[in-house]
Number of protein chains: 2
Amino acid sequence: MSDTAPVILVIEDEPQIRRFLRATLGSQGYTLLEATTAQEGLSEAASHPPDIVLLDLGLPDMDGLEVVQRLREWTTVPIIIISARGQEHDKVAGLDAGADDYLTKPFGVAELMARVRVAMRHANRTLNDGADSVFKTGDLEVDLAHRNVRVGEKEIRLTPIEFKLLGLLVKHAGKVLTHRQILKEVWGPNYAEESHYLRVFVHQLRHKLEADPAKPKYLVTEAGVGYRLRTE
Amino acid sequence: MSDTAPVILVIEDEPQIRRFLRATLGSQGYTLLEATTAQEGLSEAASHPPDIVLLDLGLPDMDGLEVVQRLREWTTVPIIIISARGQEHDKVAGLDAGADDYLTKPFGVAELMARVRVAMRHANRTLNDGADSVFKTGDLEVDLAHRNVRVGEKEIRLTPIEFKLLGLLVKHAGKVLTHRQILKEVWGPNYAEESHYLRVFVHQLRHKLEADPAKPKYLVTEAGVGYRLRTE
DNA sequence: ACCGGGCATTAAAATGTTGTTAAGAAGGTG
DNA sequence: CACCTTCTTAACAACATTTTAATGCCCGGT
């Protein structure tokens with residue numbers, strides 16, 4: 001299985017810092033996406049939704065705070081601001097705009113890495129409060145933290161998108177998610193109307209998870225609305 | 001959204017800083033719990049679970065990291081460390097032990113408040129899916145947010161229009177809604193006169209919800225006027 | 001008791017949504 | 001570069017919901 005490494009999007013115009021981040025984060029097993037302008041960063045985030053965003057406030061083409069706001073219109077991905085501006089009011093503005101953390105340059109690698117780990121914890125902490133993070137219903141068992149899925153005794157292999165889709169359903173188990181909600185979360189906001197993607201992947205998931213894919217027990221259709229993962 | 005003020009537990013031995021936090025946080029509408037030792041802090045957290053913990057690492061009776069670990073054994077409450085130790089390895093250790101943020105003394109009030117707000121955002125997000133309002137009357141249970149409906153133990157599946165219609169009735173439970181009101185809300189303003197639509201769907205709803213559809217208990221007809229969802 | 005107007009019931013046609021399949025493109029890996 | 005997996009795309013089949021229409025029922029007024 002191509003071990004799905006967490007994806008970090010770096011939006012930063014200074015090549016030196018990008019190189020530095022590429023080296024340190026890359027060596028820790030993260031996959032890096034890079035953008036050198038705000039525009040590029042926003043569209044990159046939309047087309048390849050990352051697990052974490054590292055954002056430099058001092059971009060040439062747009063105010064960093066606006067970038068935060070634009071991201072927050074559709075995603076709750078952790079945003080860590082990296083900025084040369086260390087004034088308190090800058091930090092407050094950044095955090096209140098929706099960022100999750102704020103690091104002032106120059107910063108230490110170790111601290112950055114630790115704060116990235118905190119962000120990963122938050123991202124992975126699904127909506128179940130403190131309880132064990134394995135979801136069970138019937139024969140189906142989904143361990144979000146360890147990224148594995150079982151039906152009965154059998155381990156199920158899922159592709160990245162399949163897992164993301166199932167993960168989303170698990171996080172909102174019992175609740176109906178609309179096609180648009182799912183598409184925006186899994187594929188990114190540009191795909192909100194591409195509901196045929198969803199059909200294909202729901203089909204594949206059922207094929208892997210359901211005893212009788214034609215009569216799904218877990219991943220049920222709410223016709224005209226969306227899909228739902230049934231709880232017992 | 002609880003109507004009660006968020007509770008912040010401050011574990012800090014220096015009276016000055018406690019006083020300072022009491023003043024600033026208190027004036028922002030937070031309720032403060034205070035503990036001056038690690039022991040006290042741990043038992044306070046256990047007996048009155050707070051929404052956020054502010055933890056000083058330099059406590060007299062126990063290492064701050066151990067406090068974090070002990071808390072993390074049972075709670076995911078946001079922990080913000082406040083410490084005089086500003087060395088990078090201290091921060092890394094604190095964050096990796098399970099803290100969510102790390103502020104070095106001396107810190108600005110505004111930044112602390114902003115980071116508390118970030119923590120509150122995180123804490124609230126986990127609750128969002130849980131307890132929305134579910135409407136109940138007799139055996140009927142309607143959860144608008146999750147979009148599901150039950151009668152007794154049995155899950156009822158509704159089509160989009162059926163659900164919209166029932167949802168409207170739930171939102172105005174107990175009140176009579178005229179045919180025109182319902183038609184305008186559910187089908188749109190151009191359908192205000194098409195009352196036969198309504199009859200068909202009321203019939204279908206009753207068929208799915210009522211024990212005896214001919215003698216409706218929940219969805220009752222107000223002859224000459226409209227329909228009403230009966231409350232108990 | 002009869003009539004009429006609103007209401008309930010039913011079912012088939014029309015419309016819209018979802019499921020299925022397969023082939024080709026893209027991406028990653030050795 | 002050649003392999004493999006995964007993703008995208010498209011076309012068609014299967015299904016569910018909504019609309020439409022026709023019929024029968026109940027109740028109050030005369």
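What you see is a predicted model, and the numbers here were worked out from it, not measured in a lab. Throughout, a chain's letter reflects where its sequence line sits, starting with A, and its residues are numbered from 1. These numbers come from the heavy atoms of this one structure, side chains and all, not from hydrogens, waters or symmetry mates.
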So, is A/R157 close to the D/dT6 phosphate, meaning a side-chain N or O under 4.0 Å from OP1 or OP2?
-> yes
Out of D/dT20, D/dC7, D/dT18, whichever nucleotide has its closest atom nearest the side chain of A/P160 | D/dC7
Any Lys/Arg nitrogen of A/D101 or B/R115 sitting under 4.0 Å from an Asp/Glu carboxylate oxygen of the other?
-> yes
With the side chain of A/H203 defined as its heavy atoms from C-beta on, choose the nearest nucleotide among C/dT20, D/dT9, D/dT6.
-> C/dT20
Rounded to whole angstroms, how far apart are CG on B/L165 and C1' on D/dT17?
-> 15 Å
Could you give the CZ-to-P distance, from B/R180 to C/dG6, as a whole number of Å?
-> 14 Å
Per atom distances to the A/T159 side chain, the nearest of C/dT10, C/dG19, D/dC7 is D/dC7
Of the listed D/dT19, D/dT8, C/dC7, the closest approach to the B/T221 side chain comes from C/dC7
Nearest to the side chain of A/F201 - D/dT8, D/dT20, D/dT18?
-> D/dT8
So what does A/V202 hit on the nucleic acid, given a heavy-atom distance under 4.0 Å: a base, only sugar-phosphate, or nothing?
-> nothing
Ranking C/dG19, C/dT21, C/dG6 by distance to the side chain of A/R199, first place goes to C/dG19
Between A/R230 and B/E155, does a salt bridge (Lys or Arg N to Asp or Glu O under 4.0 Å) hold up when you go through it step by step?
-> CA-CA 10 Å; A/R230 205 185 263 144; B/E155 292 248 345; 5.6 Å; no
Carboxylate-amine/guanidinium proximity below 4.0 Å for A/K91 and B/E111 | yes
Separation of C/dT18 atom P from A/E193 atom CD, nearest Å, is 13 Å
Winner on side-chain proximity to A/Y197, out of D/dT9, D/dT20, C/dT9, is D/dT9
Starting from P on D/dC15, measure out to CZ on A/R206 and report it in whole angstrom.
-> 13 Å
Figure out the CZ/C1' separation between A/R228 and C/dT18, and round it to whole Å.
-> 17 Å
Could you pick out which residue, B/E162 or A/H196, lies toward the 5' side of DNA chain D when each is mapped onto its nearest nucleotide?
-> A/H196
Note, B/R72 side chain near B/I79 side chain (heavy atom, < 4.5 Å) = yes
Sorted by position of nearest nucleotide on DNA chain C, 5' first, the leading residue of B/Q204 and B/H179 is B/H179
note: B/K208, atom NZ; D/dT18, atom C1'; distance rounded to Å ~ 12 Å
Sugar-phosphate, base or nothing in reach of B/Y227, heavy atoms under 4.0 Å | sugar-phosphate
Starting at CD of B/E194 and ending at P of C/dC7, how long is that distance when rounded to a whole Å?
-> 15 Å
Any side-chain N or O of A/W187 less than 4.0 Å from the OP1 or OP2 oxygen of D/dT8?
-> yes
Residue B/I161, side-chain atoms from C-beta onward, closest of C/dT20, D/dT19, D/dT17 | D/dT19
Tell me, with the steps shown, if B/D143 and A/K175 meet salt bridge (Lys or Arg N to Asp or Glu O under 4.0 Å).
-> CA-CA 10 Å; B/D143 186 334; A/K175 181 173 167 179; over 6 Å; no
Look at B/K208 together with B/E162 and state whether they make a salt bridge at an N to O cut-off of under 4.0 Å.
-> yes
What's the CG-P distance between B/L219 and C/dT9, to the nearest Å?
-> 12 Å
